[in-house]
Amino acid sequence: MSVIAITDVLAGKFPVNEEITVHGWIRTRRDSKAGISFLAIHDGSCFDAIQAVVPNDLNNYQDEVLKLTTGASVKVTGQLVESQGQGQAFEIQATGVEVLGYVDDPDTYPMAAKRHSIEFLREQAHLRPRTNLGGAVTRVRNCLAQAIHRFMHNKGYFWISTPIITASDCEGAGEMFRVSTLDMENLPRTDKGEVDYNEDFFGKEAFLTVSGQLNVETYCSAMSKVYTFGPTFRAENSNTSRHLAEFWMCEPEIAFADLADAANLAEEMLKYVLKAVLEERADDMAFFQQRVDKTVVDRLNNVINNEFVRLDYTDAIEILLNCGKKFENPVSWGIDLNSEHERYLAEEHFNGPVVLQNYPKDIKAFYMRLNDDNKTVAAMDVLAPGIGEIIGGSQREERLDILDARLEEMDLDPEDYSWYRDLRRYGTVPHSGFGLGFERLVAYATGVQNIRDVIPFPRAPKTASF
RNA sequence: UCCCCUGUAGCUCAGUUGGUUAGAGCGGUGGACUGUUAAUCCAUGUGUCGUCUGUUCAAAUCAGACCAGGGGAGCCA
C-alpha cells in the first residue's frame with residue numbers, strides 16, 4: 001500500500017472523480033443536519049488540511065464518525081471531487097471512514113482546535129507538531145536544512161561528519177558536557193587522589209563537541225571545500241531566547257580562501273536558503289506572516305534583494321561613537337560589542353544584515369588570522385536584525401610561527417593542538433570558514449522569537465524533557 | 001548566573017484595604033440549526049489558586065525560601 005500525501009491531493013495531482021484514500025489526524029469536525037459531517041484532516045505534508053464530507057448513511061456514522069474529536073487518527077476513502085463549498089478546491093466525498101485511534105479523553109486532550117500560547121505548546125513537545133504552528137516550523141526547518149545541503153552540494157562542497165564526542169579538551173569555545181562511563185558514586189582515584197580518567201571509556205577525559213571547526217579544517221586541507229552540519233553542545237548556563245545547550249550548526253571551511261571569500265559564501269548561502277523557503281513553503285510563510293510576524297516575508301525579501309553591508313570593526317566603533325545615541329555600555333576601540341551596539345547597527349543604522357569584520361585580536365579566538373596591522377584579526381560576524389549574530393567566522397591563521405605565538409599569548413599548550421599545528425607544518429594553505437547557527441536561522445526565517453520553539457526537542461539549562 | 005515580571009479550571013485569563021459555596025471566554029459534553037470552514041445559538045464549572053514554611057481567629061490575597069515560565073543582560077551560533 002502506498003500512502004498518498006494530502007499535499008499532493010490538494011495540489012491537483014490526482015484525477016477528480018476517482019477514488020482515493022488519505023490518512024491523517026482530525027483537526028476539526030463539523031456536523032450538518034443536512035445529513036453530513038465535515039472532517040478536516042491533516043497529515044503534516046502541507047499547511048492545509050483536506051476536507052472530507054461524510055454522509056450519515058455510512059454504517060459507522062452514528063457510532064464512530066460522530067465520536068471523532070480533534071487529534072483522532074483516521075483513514076478516509078472516497079471520491080475526490082471539486083468542492084461545493086468555499087475555502088478549498090478539492091474535497092473527498094467519503095465512502096468509508098476507518099477510525100485508527102480515538103482521543104481517549106477529549107476534555108483533556110491538550111491540542112484543542114484553538115489558539116494556544118507558544119510556551120504551553122513547548123511543554124507538549126510530543127504533540128506540538130500537530131498544530132498549525134508546529135507543523136509549519138517543522139516544514140520550514142526541513143526546507144532550510146535541505147536547501148543548505150543542496151547549496152553546498154551544488155557548489156562542490158563535501159559534507160564531513162565531524163565527531164560529536166571529542167577527547168581534545170582544546171576546542172576553546174565555552175563550557176563542555178563531560179562524556180564518561182565512570183561510576184559517579186565510586187570514582188577511581190590516582191595516587192594523588194585525583195579522578196583517574198585512564199579508567200574511563202576513552203582512557204582520558206572526553207566531552208561533547210562545541211564545534212566541528214578544528215576537525216573539519218583537517219578535511220579542508222585535503223578536500224578543499226568542505227562543511228559540517230550536525231549537532232553541537234554547549235554547557236553554558238545561558239537562559240535566553242537565542243541559546244540552546246544542544247543546537248545544530250553548519251560550518252563551511254574553504255581552502256585557498258580569505259575572509260572576503262567566507263563572507264561572500266555566507267551572504268550567498270543565506271540568500272539561497274531564504275529564497276528556497278519563500279518559494280517552497282509559501283503556505284507556511286503565509287501563516288507566519290499572518291499569525292507570528294507581520295513583517296517576515298518583506299524582511300526576507302529585503303535580505304534576498306540587497307547586498308549585505310561590509311563594515312570594519314574600527315568603522316563600526318566610529319559610527320557608534322558619532323551616532324548621538326546613549327548606550328548603557330560605553331563604546332571605545334577594543335571593546336567587545338554588546339547586544340545593544342549590534343542591534344543599533346543592524347536594526348537602526350543599516351536596517352539589514354551587516355557583515356562586521358576585522359575585530360581586535362584580544363577579543364577573538366587564537367585560530368583567527370592576524371592582520372598586517374598586528375592589532376586586528378580577520379574575523380567576521382553576520383548580524384541580522386532581530387536575532388543578532390547569526391553567523392560567526394574568520395580566516396584561519398595558516399602561519400605556524402604566528403599561530404604558536406597566539407597560543408602562547410593566550411596561555412594555551414601547543415601540545416594539545418599538535419594535529420592542528422601539523423596542518424600548518426605539512427602543506428599549509430590559507431583558508432577560511434564560518435559557523436551558521438541553524439536554529440537562529442529557522443527563528444529568523446519564521447519570525448518565531450524563541451529558539452526553543454524551532455527545534456523539535458529543546459535542551460537548555462533545567463530543560464531536557466521528552 | 002544577574003535584574004524585572006508572571007504562576008488561579010484542559011487552554012487563555014479575571015479575582016488583594018485578608019472574611020461564607022473562587023469566576024468568565026474558549027475547549028469538551030448534551031441539545032438546536034446549518035454545504036459547514038477554529039461555524040452559530042442554548043445548556044453544562046468536583047479547581048493540590050506553582051511548592052514549602054511562616055504571620056493571622058481566618059490566606060488565592062500578606063512575608064520568606066524554593067521551583068517553573070516570560071522579557072532584558074552576560075556568554076555565544
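Every chain is numbered from 1, with letters handed out A, B, ... down the list of sequences.
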Visitor: Tell me which of A:F120 and A:R29 sits closer to the 5' end of RNA chain B, going by the nucleotide each one is nearest to.
Guide: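 The residue mapped nearer the 5' terminus is A:F120.
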Visitor: Classify A:T69 by what it touches in the nucleic acid, base, sugar-phosphate, or nothing, heavy-atom distance under 4.0 Å.
Guide: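 The answer is sugar-phosphate, as A:T69 gets under 4.0 Å only of primed atoms, P, OP1 or OP2.
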Visitor: Can you classify the ring geometry of A:Y420 versus A:F366 as parallel (below 30°), tilted (30 to 60°) or perpendicular (above 60°)?
Guide: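 Answer is perpendicular, since the angle exceeds 60°.
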Visitor: Give a yes or no on whether the backbone of A:V297 and the side-chain of A:Q289 come within a donor-acceptor separation of less than 3.5 Å.
Guide: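 Side chain of A:Q289 to backbone of A:V297: a pair is present.
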Visitor: How far, in whole Å, is B:A59 from B:C41 if one measures between their C1' atoms?
Guide: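 Roughly 41 Å separates the two C1' atoms.
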Visitor: Say we look at B:U51 and B:G45: how far apart would their P atoms be, to the nearest angstrom?
Guide: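 B:U51 and B:G45 have their P atoms separated by 25 Å.
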Visitor: Once you apply a heavy-atom cut-off of 4.0 Å, does A:Q84 come out as touching a base, just sugar-phosphate, or nothing?
Guide: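 Base contact.
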Visitor: What contact category does A:N338 fall into here, base, sugar-phosphate, or nothing, at under 4.0 angstrom with non-hydrogen atoms?
Guide: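 Since only primed, P, OP1 and OP2 atoms lie under 4.0 Å of A:N338, the category is sugar-phosphate.
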Visitor: Considering every strand and a 4.0 Å limit on heavy-atom distances, what is the contact class for A:H116: base, sugar-phosphate, or nothing?
Guide: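 Sugar-phosphate only.
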Visitor: Just call it for A:F38: base, sugar-phosphate, or nothing, with non-hydrogen atoms closer than 4.0 Å on any strand.
Guide: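 Base contact.
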Visitor: Using a 4.5 Å cut-off on heavy atoms from C-beta on, say whether the side chain of A:Q213 contacts that of A:Y367.
Guide: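 Yes. Closest side-chain heavy atoms under 4.5 Å.
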Visitor: How about A:Y344 and A:K325: do any of their side-chain heavy atoms sit closer than 4.5 Å?
Guide: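 Contact flag for A:Y344/A:K325 side chains = yes.
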Visitor: Please determine, for B:C2, whether a Watson-Crick or G-U wobble partner exists with both distances under 3.5 Å, and give it or none.
Guide: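 B:G72 is the nucleotide pairing with B:C2.
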Visitor: Contact class for A:G392 vs. all strands (heavy atom < 4.0 Å): base, sugar-phosphate, or nothing?
Guide: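 The answer is sugar-phosphate, as A:G392 gets under 4.0 Å only of primed atoms, P, OP1 or OP2.
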Visitor: What is the nucleic acid contact for A:L441, judged by heavy atoms within less than 4.0 Å: base, sugar-phosphate only, or nothing?
Guide: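 Result for A:L441 = nothing.
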Visitor: Which label fits A:F177 and A:F233: parallel for a plane angle under 30°, tilted from 30 to 60°, or perpendicular past 60°?
Guide: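 Rings of A:F177 and A:F233: perpendicular, as their planes differ by over 60°.
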Visitor: Would you say the side chain of A:R440 and the base of B:C76 hold a donor-acceptor pair, judged only by whether the two atoms sit under 3.5 Å apart?
Guide: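 Answer yes: a donor N or O sits under 3.5 Å from an acceptor.
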Visitor: Taking donor-acceptor contacts at under 3.5 Å, does the side chain of A:S238 reach the base of B:C75?
Guide: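 Donor-acceptor pair under 3.5 Å: yes.
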Visitor: In whole Å, measure the gap between the C1' atoms of B:C2 and B:G23 for me.
Guide: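 Between the two C1' atoms, the distance is 38 Å.
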Visitor: So what does A:Q51 hit on the nucleic acid, given a heavy-atom distance under 4.0 Å: a base, only sugar-phosphate, or nothing?
Guide: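 Contact class for A:Q51: base.
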Visitor: If I pick the C1' atom on B:G72 and the same atom on B:G54, what distance separates them, to the nearest angstrom?
Guide: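 Comparing C1' positions in B:G54 and B:G72 gives a spacing of 33 Å.
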Visitor: Give one of base, sugar-phosphate or nothing for A:N239, where a contact means two heavy atoms less than 4.0 Å apart.
Guide: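 Base contact.
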Visitor: Classify every nucleotide of nucleotides 4-9 of chain B by which part a protein heavy atom approaches to under 4.0 Å, writing B for the base, S for the sugar-phosphate alone and - for neither, in 5'-to-3' order.
Guide: ------
Visitor: With a non-hydrogen cut-off below 4.0 angstrom, is A:T131 in contact with a base, only sugar-phosphate, or nothing?
Guide: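 Touches nothing.
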